[in-house]
Amino acid sequence: MPISKRLLLLASLIKDANRGVFDVGSDHGYLLLELYHRGFKGNLKGVENKVGPFTNLTNNTLNTPISTSLSDGIDDLTNNYSCLVLAGMGFTNIAKIIDKNKEKLNYIDQIVIDAHNFIPESRKYFIELGFKIEKELILKENNIYYELISFVKGHKDYSDEELNYGPILLRTKDKAFIEKYEEINKKLSELLDKIDVKNTRYNEIKKEIERNTLIISK
Ligand SMILES: C[S@@+](CC[C@H](N)C(=O)[O-])C[C@H]1O[C@@H](n2cnc3c(N)ncnc32)[C@H](O)[C@@H]1O
């Protein structure tokens, strides 16, 4: 099966200078295999906490230097890895994985995430843990928008607008970014048509549409 555009873009965010990549929720191991085929020089480890995906991961990575582990989140993370990948998960799960072993972030220089929801909260969460946003990419695949974020150690202040839309996505304003907010606005407008003007949500939705319109037309 050809690797998805999303995983190819995730791979492109990972620095080759890392000691190693620790991929939580590796599933079939496609991201690590892509890095291996690209000639990534550091250690590669895939972690799964479920037997089915773990079996796929170990079978797919046989005869490669990729190591695997059936364990929870970053329980097995060591100093051999400096890049942490958390992709294809909801923010609640991501935060749960980190909160369980926060001290292990001392090993980590780069975190690459693809959170499937609560993206502004995800930005805020890692920024509060001492990371700053280094790169952001947005793409649409199979009718779903994905925002991929690379954090590196450091401090930077962000406005609410930057946390919400993404500081880099706001600057690059890619086609997918514009389309995403056009689609959101279309859905919100349809919702607005069905809501009574006296409903408290009415003004909130109206403001959100106006804010999105301003952002994409700036
Ligand atoms: C939707 S898949 C995403 C796979 C791959 N990372 C990607 O982006 O395509 C999420 C994977 O994370 C695994 N997972 C979820 N929570 C986990 C945890 N706490 N520790 C290890 N793996 C976890 C699931 O078993 C599942 O295979």
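Both ligands and their constituent atoms are indexed starting at 1 by order of listing.
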Mind checking whether Phe126 and Phe151 have parallel, tilted or perpendicular rings, split at 30° and 60°?
-> tilted
For ligand 1, what are the residues with a heavy-atom contact below 4.0 Å?
-> Arg6, Leu7, Val24, Gly25, Asp27, Glu48, Asn49, Lys50, Pro53, Ser71, Asp72, Gly73, Ala87, Gly88, Met89, Asn93, Ile97
For Phe118, all residues meeting side-chain contact (heavy atoms from CB on, under 4.5 Å), sequence neighbours excluded = Phe91, Glu121
Passing option when Leu31 is tested against Asp114, Val85, Leu8 for side chain to side chain contact (heavy atoms under 4.5 Å, CB included) = Val85
Can a cation-pi geometry be assigned to Lys156 and Tyr158, taking NZ or CZ under 6.0 Å from the six-membered ring centre and within 45° of the ring axis?
-> yes
Side chains of Asn43 and Ser67, donor plus acceptor under 3.5 Å = no
Which atoms form the tightest heavy-atom contact between Ile216 and Phe177, and what is the distance?
-> CG2-CE2, 4.3 Å
